[in-house]
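Numbers restart at 1 for each chain; the letters A, B, ... are given by sequence-line order, proteins then strands. Excluded from the calculations below are hydrogen atoms, water molecules and symmetry mates; all remaining heavy atoms, backbone and side chain alike, are included.
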There are 4 protein chains.
Amino acid sequence: MAASGRHGAGVDKQRVILDAAIRVFARQGFHSCRVSDVADEAGVAYGLVYHYFSSKEEILNTLFTERWQLMLDAIVEIDSREQLTARDKLGQVAGFIIDSYRHEPDLMKVIIVEVTRAANTFGRHHLPKIREAYNLIAGIVEQARADGTFKSDISAEFAAMCFYGAIEQLLTAWIFDVLPKSDDDYERAKGLVVEAICGGLESDAVGAAA
Amino acid sequence: MAASGRHGAGVDKQRVILDAAIRVFARQGFHSCRVSDVADEAGVAYGLVYHYFSSKEEILNTLFTERWQLMLDAIVEIDSREQLTARDKLGQVAGFIIDSYRHEPDLMKVIIVEVTRAANTFGRHHLPKIREAYNLIAGIVEQARADGTFKSDISAEFAAMCFYGAIEQLLTAWIFDVLPKSDDDYERAKGLVVEAICGGLESDAVGAAA
Amino acid sequence: MAASGRHGAGVDKQRVILDAAIRVFARQGFHSCRVSDVADEAGVAYGLVYHYFSSKEEILNTLFTERWQLMLDAIVEIDSREQLTARDKLGQVAGFIIDSYRHEPDLMKVIIVEVTRAANTFGRHHLPKIREAYNLIAGIVEQARADGTFKSDISAEFAAMCFYGAIEQLLTAWIFDVLPKSDDDYERAKGLVVEAICGGLESDAVGAAA
Amino acid sequence: MAASGRHGAGVDKQRVILDAAIRVFARQGFHSCRVSDVADEAGVAYGLVYHYFSSKEEILNTLFTERWQLMLDAIVEIDSREQLTARDKLGQVAGFIIDSYRHEPDLMKVIIVEVTRAANTFGRHHLPKIREAYNLIAGIVEQARADGTFKSDISAEFAAMCFYGAIEQLLTAWIFDVLPKSDDDYERAKGLVVEAICGGLESDAVGAAA
DNA sequence: GATGAATGAGGTTTCATTCAT
DNA sequence: TATGAATGAAACCTCATTCAT
C-alpha cells in the first residue's frame, strides 16, 4: 500500500531523483549538468543516484521511456475508437501531446530536446521506440487513405512525418519562446495544427479549384 | 589565378579543417568527437585547428552560419519572384532545402542535428538567425493570407512552424534512415511536402465538403 | 581522540595533500610542477586534489593564508606585551620568523618565494594580507617614535620596510644557500638583525658622534 | 655610424624587441605573457623574436644581464673612490639603485620581480651574478669593519644582506604602491635608507646609551 | 632580415563512476 | 539504504618553438 521502501510514509527516492532530473535537465541541459547537480536538486547524496540508476544516461532513458509509452498507449487508444474520423483521431493525438507539454513542460522539453531531437547521440538508442509513434500515426493515415478521405498520392509514412514534424516544431517553438503560449494559444493550437495539416493552409476555394 | 594562400598551389587549410569537421561531426556527433579527430581527418597538426578557430564550438558556428545564410539568401530571392504563387514559393523553398541535403548530406546533418535541433545548447546562440528563416517563410504565408489564397484563421507564424517542421522532420527521417532516400524519393518529396502542407492531407472531396 | 575524518585512524587527506604540496612547491617551484606531481607525492589520486581544492592556485593560497595568519597573530601578541621595548618586540618578531624558517623551511620557502616575493602574480591577491604585517611592524615602530626611542625623521612605514626587507633577505639568503645555516647561525641572526636595524651597522662611537 | 642594419635610419629591431619586452613583462608578468604579446608590442612579426633571441627566457636574461652589469660597474666605481666613508659609499649605491628605478621603473620592476625575487626559477641561473652585488656591498662593509667605523660583531655578508634587503623591499613597496612615490619621496629615501641601516632606527641617545 | 603558418607536447580541469563504511 | 570520499581517464586549449618562403 505504501509508496515504496519499508516506511509507510517513506518518500520514493527514485521518484524524487527522477523529478529532480527533469528540472535539472530542462534547466541546464543533459550534457551541461553533472550528476551531482541532480543529487543536489533531489536533496540526496551523490552516490544514491547510482544506487537507483546505473548511469546518468539511464536517468534520461527512464524519463523518456516512461513518458513515451504513455503517449504510445494514448495513440493506440485513440486509434481504437472506431467512430472517429482520421482527422478527429489526429486531433486527439495532437491534443494529447499539446496537453502533455502544458502540464509538464519541463519533462516534455527534456524528451524533445534531449531525446527525439537529439537522435544522433542518445536518441539513436530510442529510435525504434520513436518510430513506433510514427507508425501509429501512419496507421491512422493509412486507414484514411484506404477509405478515400486522405489523398492516396501522399504515403502514410510521409504524411506521418509532416504531421509529427509540425507538432514537434510547435512544441519547440513554445520551448524556446518563439510562439506565444497562453492557455488560449494551447487550445487553439490543437485545432489549428490539424486544420493546417489535414485541411491544408490554402483556403477551401483554392483547394477545391486545384 | 592561384587558389589561395601564399603558394600558387596552396590549399586553404582553414577550408580543409572545416570540411574535415563536417565529416567528423556528422559521423561521431559534435560532442562525441575530439578536436584531434578533426585535426587527424584534416591531416593537419592539432594546434592548427586553434590557429584558425578559437574553439571547437567556433568551427560548428562557422559551418552553421555559412550555410544558413545561403538558405536565407535563397528564400529572400525566391520570395522576390513576384509572378510566383505562395504555394510555388514554398515549393521552391522546400526544393532548395531538400537539394541542400541531397548534395551535402553531412553538412545538413550537422546543421540540423547539432544546431537547429539542439537549440538548448549551441543552437540557443543561433536562435535569432534561425528565427529569420521562420520569419521569411511566415512572410510568404502572410501575403497569401492577404490575397485570400491561404486561410486567414491560421496565423502566418503558426503556418511557418508547420511548414518548416514538416521539412525538418523529413530531413531528420532521411538522416536516420526512417524514410527511403532514392533520387526519386527526394524529387517526389519536394512536391509532396508542399501538397501536404498547402493542400492538406485530406482528399479534395473531403476538403471541399468541409 | 580520533585524528579526523570518519575513521578513527583515518588520515586527513586534505592535510596530506597540503603537506605534499609544500614539498613539491619547494622542490620544483609552483610554476614548474604539475598537479599530478602533488598527487603523486601525496600518494593520492589525481582527482582527489580537485576534490579538496578548486585549483592548483588554491592550494598555494591555503598554505599561505594558514601560515601568514599565524605570523600576524604572533606579531599582535608580541606587540601586546607592554613591558617590552620596541627593540625587544622587533627582536621577538624576527625570532618568530627565523624560527618558522628553521622548523618549516620548505613551507617558508614556498611562502616567500612563491607569494611574498612574487607579488606580481599570485602575491597580488595577497597584498592586503601582506600589508597587514607591514602595518603591525610599523605600529611597533610608531610607538617607539612617539616615546622618543626611535628616530622621528624615519617614518614608521619606511622603517617597517627596512626591517621586514632585511629579514626576508636573510631568509632568502638561507633558502638559496648564500649564507651559512647552522643552528648557531640562526640563533645569532635573531639578535644581529635587530642590532643591525635598530642599532645600526655603525659602531656606537661613530653613531654617537654623528 | 648608423645605429645598425643596412639603412642609415634603420631602427635596431633587437632593441625594439627588448624595450617592448620590458613593457610587456612589467605589465603582464613574464609567465603570463606570450611571445606574441612581445612581438605585437614591438610591432614586429612573431618569428622575428626568434631571429634575435633563442627563447623567451633569453630575452629576460638579456634584460637582466645588461642592467645588472651596469649596477655592478657602478658599485665598483663607487667603491673605488677612496675619499668616501663606508656610509657615503652605501649612500651612493642606494642612490644609484633608487635612481635606476626612478628612471626606468618598468625595467627595474622586471629585474626585481622576475629575476632577483624569483630566484627559485629563472633567478637560479643568475644567482652568481646576483651574489657579485652582495659581495661588492659586503666589501664596502668589510673595510668599515676593519677601520672600526662599523660594528665587528655583524659580519660583512650579514650586513650586506640587511642593506640590500632593505633597498629591494623599498623598491618592491614602490612597485606595488605600498609606499608613496613622489620625486621627494625618492630623494628622501636615498638618505633615509642609509641612515636607517648604518645609523639604526634608534635615536642617538638610545644608541649611545646602549 | 622578416613573416606568420604550422607543429605538438603538456597541463589543468572536469566529472562519471566506484566503493568502503 | 545512504553517504561522499576516492579514482583516473579524457579532452580542451595554450603557447613556445620551428620552418618554409
Of the candidates F:dG4, F:dA5, E:dG1, the side chain of A:Ala45 sits closest to F:dG4
The side chain of D:Leu48 is closest to which nucleotide in this list: E:dA16, E:dG1, F:dC15?
E:dG1
Consider side-chain contact (heavy atoms from CB on, under 4.5 Å). Of A:Val38, A:Ile22, A:Asp12, which one does A:Ile17 pass it with?
A:Val38
Does [X] place a side-chain N or O at less than 4.0 Å from the phosphate oxygens OP1/OP2 of [N]?
X       : N      : result
C:Tyr50 : E:dT14 : no
A:His51 : F:dA2  : no
B:Lys13 : E:dA6  : yes

With a 4.0 Å cut-off on heavy atoms, is D:Phe53 in touch with a base, just the backbone sugar-phosphate, or nothing at all?
nothing
Tell me what D:Ser55 touches on the nucleic acid: a base, only sugar-phosphate, or nothing, going by heavy atoms under 4.0 Å.
sugar-phosphate
Starting at the 5' end of DNA chain F, which residue's closest nucleotide do you reach first, B:Ser36 or C:Gly43?
C:Gly43
Most 5' of B:Gly47 and C:Gly47 on DNA chain F, judged by nearest nucleotide
C:Gly47
Length of the line joining [X]:[atom1] and [N]:[atom2], which is rounded to integer Å:
X       : N      : atom1 : atom2 : result
B:Asp40 : E:dT7  : CG    : C1'   : 13 Å
C:Arg34 : E:dT13 : CZ    : P     : 15 Å
A:Asp12 : F:dA2  : CG    : C1'   : 15 Å
C:Asp37 : F:dG8  : CG    : P     : 17 Å
C:Tyr52 : F:dG4  : OH    : C1'   : 9 Å
A:Phe30 : E:dA16 : CZ    : P     : 8 Å
A:Phe25 : E:dA16 : CZ    : C1'   : 12 Å
A:Glu58 : E:dA16 : CD    : C1'   : 14 Å

Mate of E:dA5 where both pairing distances stay under 3.5 Å, Watson-Crick or G-U
F:dT18
F:dA11 pairs with, by Watson-Crick or G-U criteria that keep both distances under 3.5 Å:
E:dT12
Could you tell me whether [X] and [Y] make a salt bridge, using a distance below 4.0 angstrom between a side-chain N and a carboxylate O?
X        : Y        : value
A:Arg117 : B:Glu114 : no
D:Glu104 : D:Arg67  : yes
A:Arg15  : A:Glu66  : yes

Between the base of F:dC13 and the side chain of B:Tyr46, is one N or O donor paired with an acceptor at under 3.5 angstrom?
yes
Is there a donor-acceptor pair closer than 3.5 Å between any side-chain N or O of B:Lys56 and the backbone N or O of B:Phe30?
yes
